[in-house]
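Below: one structure, written as structure tokens.
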Number of protein chains: 2
Amino acid sequence: MADIKAGVNQLFLREEELRTGMELLFYAYREFTAEPDEILAQIGFGRAHHRVIYFVGRYPKITVSELLAILKITKQSLSRVLGELVRQEFIQQQTGVRDRRQRLLELTDKGVELERQLSETQRQRIARAYRMAGAEAVEGFRKVMLGMMDEEDRVKFAPPAPARLAAVKR
Amino acid sequence: MADIKAGVNQLFLREEELRTGMELLFYAYREFTAEPDEILAQIGFGRAHHRVIYFVGRYPKITVSELLAILKITKQSLSRVLGELVRQEFIQQQTGVRDRRQRLLELTDKGVELERQLSETQRQRIARAYRMAGAEAVEGFRKVMLGMMDEEDRVKFAPPAPARLAAVKR
DNA sequence: CCGATCACGTCAACATGGCTGACATAAAAG
DNA sequence: CTTTTATGTCAGCCATGTTGACGTGATCGG
């Protein structure tokens, strides 16, 4: 009798806990993207532009294929936003030296400035969250987020630096 | 000299740490939504339908205004997906008794089944992440996610049950 | 060295899901 | 009885994803 009741209750708590996790993710992610979205809208860009600018800033000289592998969108979708960013001189391309088929991507000064502006609110938001939560909580956050990913993405965060570089750069 | 070097290094680590946080969020969220998206696509629905089904399942008898407040989209956007869900009998509406202007929303049996199917992969993913990370990490995850939100959303997760209900139900 | 493959780009068409603005109706509230 | 509220609806726009087809120049393998 008591056994059954406890079991049911535990099941309920588990279900509730999992739902809470889903919602934390939903609300946090939405607010995380809200502020940059506003800035982007003012200059006629969208979140897709932000993602491209972010990762080109993160990995200077990244190739188009590598960027596609990170974003997991089609080259046609990327081409649209990347083209705009290049035409408006936020990003510059240069032909690869080892492989002249490649177009290596880099932020221009203008691009660096926009990246900084866009990510600033997000960095502040994360910094605030980390500060409020404490170092131990941050480690927990990291663990849970990693557990949420498939192996493929998880390796990008492997502690030894070479592994991370290897996953994207080459 | 040593001071300056340490300071710079710490700044670098901080920047790197914040960027890592942003990326953890990006990759985890993307994979979190990938599986339901596939199922949805097969029945001609999208992520927007999932969100509606999810929150109607979460808060049975929720009103349209309350749902709008959670999703933070326009009523026209909601109307499109909600209309489809009602017409295809995943959700049923019933006129409010206290206020007959309200349309109280509830999942039908068909809706419950779809919700279960859609969220199942996500629950498993979270459960796996929680299991891998451990209870302490989960608490850290919770703290960081809450710190990421604005106060407005944070109150939805207040520990005393009445607070959470009050935020949405009434 | 030549044919296959690769990196990248482009055109066209389509779907989803946001948005604004305008207008309508029934119920509640003052 | 007038105003406000809850909901719905029509119409059109935009951003961003998709598929499919095709092209060009560079590299690679036999």
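In what follows, every chain begins at residue 1, and chains take the letters A, B, ... in the order their sequences are listed. These values consider heavy atoms only, across backbone and side chains, with no hydrogens, waters or symmetry-generated copies.
- Remark: Ser79(B) pairs with no residue by the side-chain contact (heavy atoms from CB on, under 4.5 Å) rule, at least two apart or across chains.
- Fit an axis to the five pairs at each end of the helix from dC1(C)-dG30(D) to dG30(C)-dC1(D) and the two axes sit 30° apart, to the nearest 10 degrees.
- Contact annotation: His49(A) side-chain N/O to dA15(D) OP1/OP2 distance is not under 4.0 Å.
- Of the candidates dA7(C), dC19(C), dG17(C), dA7(C) carries the atom nearest the Gln102(A) side chain, counting heavy atoms from C-beta on.
- OP1 or OP2 of dT18(D) lies within a sub-4.0 Å distance of a side-chain N or O belonging to Thr74(A).
- Residue Arg51(A) places at least one side-chain N or O closer than 4.0 Å to OP1 or OP2 of dG17(D).
- Checking the phosphate oxygens (OP1, OP2) of dT10(C), a side-chain nitrogen or oxygen of Ser79(A) falls inside 4.0 Å.
- The CG atom of Leu68(A) sits 11 Å away from the C1' atom of dG9(C) (whole-angstrom rounding).
- Between Asp37(A) and Arg30(A), no side-chain nitrogen of the basic residue sits less than 4.0 Å from a carboxylate oxygen of the acidic one, so the salt-bridge criterion is not met.
- If you measure from atom CG of Asp37(B) to atom P of dG17(D), you get 12 Å, rounded to the nearest angstrom.
- Between the CG atom of Leu71(B) and the C1' atom of dG18(C) there is a distance of 12 Å, given to the nearest Å.
- More than 12 non-hydrogen atoms from other residues, nucleotides or ligands lie less than 6.0 angstrom from CD of Gln76(B).
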Distances for protein N or O near nucleotides 21-30 of chain D N or O, under 3.5 Å:
residue : atom : partner   : partner atom : Å
dT27(D) : OP1  : Arg100(A) : N            : 2.8

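- To the nearest angstrom, P of dG8(D) lies 11 Å from CG of Leu104(B).
- Counting any heavy atom pair closer than 4.0 Å across all strands shown, Arg80(A) reaches a base atom.
- OP1 and OP2 of dA7(C) both lie 4.0 Å or more from every side-chain N or O belonging to Ser65(A).
- Rounded to whole angstrom, the span from the CZ atom of Arg103(B) across to the P atom of dA26(C) amounts to 11 Å.
- Ion pairing between a basic and an acidic side chain is recognised when a charged N comes within 4.0 Å of a carboxylate O; Glu23(A) and Arg19(A) show no such pairing.
- Considering only residues two or more places apart in sequence or on other chains, Glu136(A) meets the side-chain hydrogen bond (donor to acceptor under 3.5 Å, both in side chains) condition with none of them.
- Every pair passing side chain to side chain donor-acceptor pair (under 3.5 Å) that includes a residue from residues 110-120 of chain A is listed here, sequence neighbours excluded: Glu113(A)-Arg116(A), Glu115(A)-Ser119(A), Glu120(A)-Gln124(A).
- Between Phe32(A) and Tyr29(B), the ring center distance fails the sub-6.0 Å criterion.
- Distance CG (Leu82(B)) to C1' (dG18(C)): 16 Å, rounded to an integer number of Å.
- One interatomic measurement links the two molecules: CD of Glu38(B) to C1' of dT18(D), which rounds to 14 Å at whole-angstrom precision.
- Note: CZ (Arg47(B)) to P (dT16(C)) measures 14 Å, nearest angstrom.
- When heavy atoms are screened at a 4.0 angstrom cut-off, Gln93(B) is found touching the sugar-phosphate backbone but no base atom.
- Residues forming a side-chain contact (heavy atoms from CB on, under 4.5 Å) with Glu139(A) (at least two apart in sequence, or on another chain): Arg142(A), Lys143(A).
- Between Tyr27(A) and Phe55(B), the angle of the ring planes lies from 30° to 60°, which puts this pair in the tilted group.
- Salt bridge annotation for Glu152(B)-Lys72(B): present, with a cationic side-chain nitrogen under 4.0 angstrom from a carboxylate oxygen.
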